[in-house]
Amino acid sequence: MPAKVVSLINLKGGVAKTTTTVQLAECLASQFSKNVLVIDLDPQTNATIALIGEEKWDELDRKKQTVFQMFKDKIDKTAYFQVQQAIQKGVSNLNLNTLSLLPSSIKLIDIQDRLHEIPLNTSYKIAPMEVLKHYIKPYLNNYDYVLIDCPPNLGNITQNGIEISDYFLIPTIPDKLSTYGVPQIIKSIYTFARERHLNIKCLGLIITKYQKTSTRHNNVKDYELPTRFKESFRRLSLDPAPIFNTFIPQANQITDAMDFEMELGTFKQKYGYGDLNKYVIEMTREFIQYAG
Ligand SMILES: Nc1ncnc2c1ncn2[C@@H]1O[C@H](COP(=O)(O)OP(=O)(O)OP(=O)(O)O)[C@@H](O)[C@H]1O
Ligand SMILES: [Mg+2]
């Protein structure tokens, strides 16, 4: 079976794109026995630090084995980056041997505005959004799922994720400002896909950091968001994608779970006994149902 490749995208920062990527990856690997690759395309490097910690990241960064070097090689006509060396196997503090990571680097900030130089410096005129595809395509089918954590914009780096994705998934907090840009994301990605002849589709929308006692969250979750989301697809003459029935509640333990240094044994210890880990498992079950 070919890998299902999913980019997690929202223009808004802080809506739990990275947290959701890591949760899905760890849950798919540990609870559903799936082979998973996380690709961190965000210069903030949060998914990388959550999955391998700072020390390992620093070592890989010095060895030039991060996505920063992947882009830089194509700008500078160098060849330091080796994708097989860069992909880290058996990552996460849950020691999941079926979970791998292609790490990012904060240095990506320094070159993110120089990606337009790539076609000028590559013999086959690789487009700025084709670099990741160029390196990773032969390895994608080693995995059941590839999850791509994208920065909060639709620039060239995010486009590298879109270019190889079967789906995009939108995590959002159910408040006005976080959901405001959702129709724009959907429109922009489908427009980009048409221009580039891509088959990417919206997998759905996941509500994150939900506060059940907040009237505003409940109004947005139950009325405004479903209407706005459906309308976005109607305008493009497309069938609407689902809003996940499972939502992820606001909880300190979820923030704590992103700390690689925490000594943890099991998925339940990491994501909370009782109901909390069940939300993550149910979200992942729905993810598998929609992505196939
Ligand atoms: N369910 C939750 N409950 C409480 N805090 C959460 C939850 N999900 C995420 N957070 C916290 O919210 C903050 C933002 O989350 P995260 O980094 O995943 O968002 P992001 O969309 O990836 O942000 P950015 O756009 O900066 O990449 C983090 O401090 C994270 O720990
Ligand atoms: Mg993030």
Side-chain angles (χ1 to χ4, degrees), residues 6-27 38-54 57 66-68 92-93 101-106 108-109 112 147-155 157-158 160-162 168-175 177-182 184-185 203-214 216-218 220-221 244-262 264 267-268 270-284 286-287:
V6 182
S7 282
L8 284 89
I9 299 182
N10 196 324
L11 302 176
K12 184 93 171 66
V15 295
K17 293 178 291 300
T18 302
T19 306
T20 309
T21 306
V22 173
Q23 285 172 336
L24 284 170
E26 291 186 328
C27 193
V38 170
I39 300 177
D40 187 359
L41 282 185
D42 191 345
Q44 297 180 90
T45 319
N46 294 344
T48 299
I49 301 299
L51 288 173
I52 60 171
E54 280 189 67
W57 168 75
T66 72
V67 297
F68 157 72
S92 148
N93 52 6
L101 169 77
L102 178 59
S104 184
S105 167
I106 339 179
L108 202 44
I109 294 170
Q112 60 186 359
L147 303 176
I148 308 179
D149 187 24
C150 295
N153 60 58
L154 290 175
I157 290 180
T158 302
N160 271 270
I162 297 173
F168 65 101
L169 175 59
I170 309 173
T172 185
I173 302 170
D175 62 28
L177 289 182
S178 303
T179 55
Y180 183 70
V182 167
Q184 191 58 38
I185 299 165
L203 184 70
L205 181 143
I206 295 180
I207 289 174
T208 59
K209 296 168 94 167
Y210 169 62
Q211 297 171 28
K212 73 170 181 215
T213 54
S214 158
R216 206 168 323 140
H217 275 202
N218 283 313
V220 172
K221 169 177 157 297
F244 278 49
N245 292 315
T246 319
F247 40 81
I248 301 296
Q250 170 94 22
N252 290 340
Q253 182 145 12
I254 290 183
T255 304
D256 296 346
M258 292 302 108
D259 182 357
F260 180 80
E261 305 305 329
M262 271 188 137
L264 293 155
F267 180 82
K268 283 185 182 159
K270 183 160 184 167
Y271 286 107
Y273 287 106
D275 281 346
L276 204 51
N277 78 77
K278 291 195 193 128
Y279 288 106
V280 180
I281 294 174
E282 284 313 309
M283 168 179 74
T284 308
E286 273 192 78
F287 173 91

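Order of listing sets the numbers, starting from 1, for every ligand and every atom in it. Treat the numbers as computed from the prediction; the structure is a model and nothing was measured. Residue numbers run from 1 in the order of the sequence given.
- Annotation: I248 places no N or O atom under 3.5 Å from an N or O atom of ligand 1; distance criterion only.
- Looking only at side-chain heavy atoms (C-beta outward), I162 and F168 stay at 4.5 Å or farther from each other.
- Counting atoms of ligand 1 from 1 in the listed order, those under 4.0 Å from a heavy atom of D42 are 27 (O).
- Expressed to the nearest 0.5 Å, how far OG1 of T179 lies from NZ of K12 amounts to 10.0 Å.
- Distance check for atom 2 (C) of ligand 1: a protein heavy atom is found below 4.0 Å.
- Annotation for S104 and T45: closest pair O-CG2, 3.7 Å, computed over non-hydrogen atoms.
- Residue-level proximity to ligand 1 for P249 is carried by the backbone, the only part with a heavy atom below 4.0 angstrom.
- Heavy atoms of T208 come nearer than 4.0 angstrom to ligand 1 in no pair at all.
- Contact record, L8 with P171: CD2-CG, 4.0 Å, taken as the closest heavy-atom pair.
- Judged purely by atom type and a 3.5 angstrom limit, N93 uses its side chain to pair as donor or acceptor with the backbone of F260.
- Side-chain contact check for N46 and K17: no donor-acceptor pair (N or O, by modelled atom type) lies under 3.5 Å.
- Checked against a 3.5 angstrom limit, the closest N/O atoms of A16 and ligand 1 fall inside it.
- For ligand 1, the polar-atom distance check against A251 finds a nitrogen or oxygen pair separated by under 3.5 Å.
- Looking at T208, its side chain never comes within 3.5 Å of a backbone N or O of I248 through a donor-acceptor pair.
- You'll find the side chain of S92 reaches within 4.5 Å of the side chain of L51, heavy atoms only.
- Of all atoms in ligand 1, listed by their number and element, those nearer than 4.0 Å to a heavy atom of Q44 are 24 (P), 26 (O), 27 (O).
- In summary, the atoms of ligand 1 found under 4.0 Å from a heavy atom of P152, numbered by their order in the structure, are 25 (O).
- Remark: ligand 1 atoms within the under-4.0 Å shell around heavy atoms of V15 are 19 (O), 20 (P), 21 (O).
- Here the closest non-hydrogen pair linking P174 and V220 is O-CB, 3.4 Å.
- N218 is listed as a side-chain neighbour of Y210, based on a closest heavy-atom distance under 4.5 Å.
- What sits closest to atom 25 (O) of ligand 1 on the protein, heavy atoms only, is K17 NZ, 2.7 Å.
- Using a 4.0 angstrom heavy-atom cutoff, A47 does not count as in contact with ligand 1.
- For E54, the CD atom counts as loosely surrounded, since its 6.0 Å shell holds 12 or fewer non-hydrogen atoms of other residues, nucleotides or ligands.
- Closest heavy-atom approach to atom 7 (C) of ligand 1 among the candidates Q23, K209, K12: K209.
- For a distance threshold of 2.8 Å, the protein N, O or S atoms nearer than that to the Mg ion (ligand 2), listed by chain and number, are T18 OG1.
- The main-chain N or O of T246 is found under 3.5 Å from a side-chain atom of E286 such that the two form a donor-acceptor pair.
- Per-residue contacts place G13 under 4.0 angstrom from the following atoms of ligand 1 (heavy atoms of the residue considered): 25 (O).
- Taking atom 5 (N) of ligand 1 as the reference point, the nearest protein heavy-atom neighbour is T255 OG1, 3.0 Å.
- Annotation: side chain of K212 is not in contact with side chain of P249 (no heavy-atom distance under 4.5 Å).
- Contacts between T19 and ligand 1 below 4.0 angstrom, taking non-hydrogen atoms only, involve backbone and side chain alike.
- In this structure, the protein non-hydrogen atom closest to atom 23 (O) of ligand 1 is G14 N, 2.9 Å.
- For the residue pair T18 and D149, a side-chain donor N or O sits within less than 3.5 Å of a side-chain acceptor on the partner.
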